[in-house]
Amino acid sequence: MANDDMETRELFADINNTDIMQIFLADLHDNLPDRIERFRQLTDIYYEKNSGTNFLFGGDVVYHTWEEARSSFIHGNFIATILLCQGMLENLLAAFLNCAIPSEKLPKRIGLAQTLKCCQENNMLSNQEVTDINKLKDLRNPLSHHRHFDDDANLTSRSVKANDLSGDLLQSDASFAIGLVAKILGKAPFKLT
């Protein structure tokens with residue numbers, strides 16, 4: 001362990017704060033137009049579906065997940081955006097159910113399938129919204145769990161079949177994910193104004 005610490009210290013030994021600042025500024029400069037475009041896209045999506053403040057059932061986990069999902073989308077971290085949006089929706093909806101339905105009907109650990117079923121039974125989600133959330137889950141799973149190239153959900157396989165760059169597919173998937181969250185947040189239980 002001590003040897004690993006020495007190697008890490010040696011790797012970064014010659015980097016000072018000015019060097020770090022220059023790296024950060026170069027990174028910001030190189031991607032600034034894309035970040036501005038994604039910020040505008042996020043603002044447009046969010047305010048189209050949502051004109052005000054939200055009540056985020058699920059407390060700190062949901063709040064911080066939403067904050068990080070937005071930041072990840074703006075900064076072009078598309079895999080993180082997809083993962084965070086799916087996790088946020090799962091937590092948000094389950095926490096809502098815990099408030100809206102007597103607790104004895106729900107298990108302490110509720111899975112996504114049961115959460116969606118309960119939301120649908122209580123007219124909280126439409127068939128299309130459930131389909132979209134399941135699509136998001138299907139986008140997330142191959143990013144979290146290994147899929148062989150022969151699997152249609154594998155990112156590289158999708159890229160080859162679509163004749164599109166994997167980064168472009170991820171950006172499209174992330175746009176879908178963040179848009180879906182904005183749509184759900186625009187629903188009555190979460191929209192305060």
Side-chain angles (χ1 to χ4, degrees), residues 24 26-52 54 56 58 61-94 96 111-113 115-117 119-120 124-187 190-191:
F24 283 147
D27 183 55
L28 177 63
H29 176 268
D30 291 345
N31 297 320
L32 191 58
D34 293 336
R35 290 177 189 192
I36 291 170
E37 183 179 326
R38 286 189 297 270
F39 186 90
R40 289 185 187 279
Q41 179 186 355
L42 177 60
T43 303
D44 291 347
I45 290 169
Y46 183 74
Y47 287 106
E48 174 187 323
K49 308 287 184 196
N50 216 323
S51 59
N54 293 109
L56 298 176
V61 169
V62 171
Y63 171 76
H64 290 293
T65 305
W66 180 226
E67 290 284 308
E68 290 185 26
R70 292 183 302 182
S71 177
S72 292
F73 181 71
I74 291 166
H75 291 285
N77 300 317
F78 301 127
I79 290 176
T81 303
I82 296 162
L83 299 175
L84 289 164
C85 285
Q86 195 275 328
M88 185 231 171
L89 282 177
E90 189 167 344
N91 275 282
L92 175 78
L93 295 171
F96 169 75
L112 180 61
T115 298
L116 294 177
K117 181 180 177 200
C119 284
Q120 225 172 351
M124 170 58 203
L125 294 174
S126 69
N127 289 338
Q128 185 59 53
E129 290 163 338
V130 169
T131 298
D132 288 346
I133 293 169
N134 280 317
K135 176 183 174 182
L136 177 56
K137 176 194 64 148
D138 292 341
L139 292 172
R140 174 207 156 274
N141 281 345
L143 299 174
S144 297
H145 311 289
H146 174 72
R147 298 292 190 267
H148 190 272
F149 178 78
D150 293 341
D151 189 313
D152 289 340
N154 174 289
L155 180 62
T156 306
S157 178
R158 286 179 58 212
S159 175
V160 169
K161 286 180 182 166
N163 196 26
D164 206 351
L165 297 173
S166 59
D168 292 343
L169 288 176
L170 286 172
Q171 183 169 359
S172 175
D173 294 346
S175 292
F176 168 76
I178 205 90
L180 179 57
V181 171
K183 179 181 179 180
I184 299 299
L185 288 176
K187 296 182 73 67
F190 312 113
K191 193 172 177 178

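Here the structure is a predicted model, which is why all the values come from computation and not from measurement. Computation of the quantities below employed the complete heavy-atom set of this structure, encompassing side-chain atoms and omitting hydrogens, waters and symmetry-equivalent molecules.
Taken from OG1 in Thr115 to CG in Leu92, the straight-line distance is 10.5 Å, to the nearest 0.5 Å. The line from CD1 of Ile178 to CE of Met88 is 8.5 Å long, rounded to the nearest 0.5 Å. Considering CG of Asp173 and SG of Cys85, their distance stands at 11.5 Å, rounded to 0.5 Å. Here OG1 of Thr81 is found 9.5 Å from CG of Leu170. Values are rounded to the nearest 0.5 Å. Atoms CZ and CG, from Phe176 and Leu136 in turn, are 6.0 Å apart once rounded to the nearest 0.5 Å. Distance CZ/Phe96 to CG/Leu125: 9.0 Å, rounded to 0.5 Å.
When the side chain to side chain contact (heavy atoms under 4.5 Å, CB included) test is applied to Val61, the partners found at least two apart in sequence or on another chain are Thr65, Asn91. With sequence neighbours excluded, no residue satisfies salt bridge (Lys or Arg N to Asp or Glu O under 4.0 Å) with Asp132. Every residue meeting the salt bridge (Lys or Arg N to Asp or Glu O under 4.0 Å) condition with Lys117, not counting sequence neighbours, appears here in chain and number order: Glu121. Under the rule for a side chain to side chain donor-acceptor pair (under 3.5 Å), the partners of Glu129 that lie at least two apart in sequence or sit in another chain are Ser126, Lys187. For Arg38, the salt bridge (Lys or Arg N to Asp or Glu O under 4.0 Å) criterion is met by no residue, not counting sequence neighbours. Every residue meeting the side chain to side chain donor-acceptor pair (under 3.5 Å) condition with Gln120, not counting sequence neighbours, appears here in chain and number order: Asn127.
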With a cut-off of 3.5 Å and sequence neighbours excluded, list every side-chain donor-acceptor pair involving residues 69-79.
residue, atom, partner, partner atom, Å
Arg70, NH2, Glu67, OE2, 2.2
Ser72, OG, Glu68, O, 2.8
His75, ND1, Arg35, NH1, 3.2

Could you go through residues 140-149 and list every donor-acceptor pair under 3.5 Å that involves a side-chain atom there, pairing it with any protein atom two or more places apart or in another chain?
residue, atom, partner, partner atom, Å
Arg140, NE, Gln86, OE1, 3.1
Arg147, NH1, His145, O, 3.3
His148, ND1, Asp150, N, 3.0

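Counting heavy atoms from C-beta outward, Ile133 and Leu93 have side chains that approach closer than 4.5 Å. Between Lys135 and Asp138 the shortest side-chain heavy-atom distance does not fall below 4.5 Å. Side-chain contact between Trp66 and Leu185 is present, with heavy atoms from C-beta onward closer than 4.5 Å. No side-chain heavy atom of Leu89 sits under 4.5 Å from any side-chain heavy atom of Leu112. The side-chain heavy atoms of Phe39 and Asp44, taken from C-beta on, include no pair separated by under 4.5 Å.
Counting only distance, with no hydrogens or angles, the side chain of Asn154 and the backbone of Thr156 share a donor-acceptor pair below 3.5 Å.
Here the shortest heavy-atom pairing between Ile82 and Ala177 reads CA-CB, 4.2 Å.
A salt bridge does not link Arg158 to Asp151: none of the charged nitrogens lies less than 4.0 Å from a carboxylate oxygen.
Sorted by first and then second residue, the side-chain hydrogen bond (donor to acceptor under 3.5 Å, both in side chains) pairs involving residues 161-171 (not counting sequence neighbours) are Asp152-Lys161. Sequence neighbours left out, not one pair with a member in residues 84-93 passes salt bridge (charged side-chain N to carboxylate O under 4.0 Å, His left out).
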Item to check | Check against side-chain contact (heavy atoms from CB on, under 4.5 Å), Val181 and Leu84 | outcome: CA-CA 10 Å; Val181 171; Leu84 289 164; over 6 Å; no

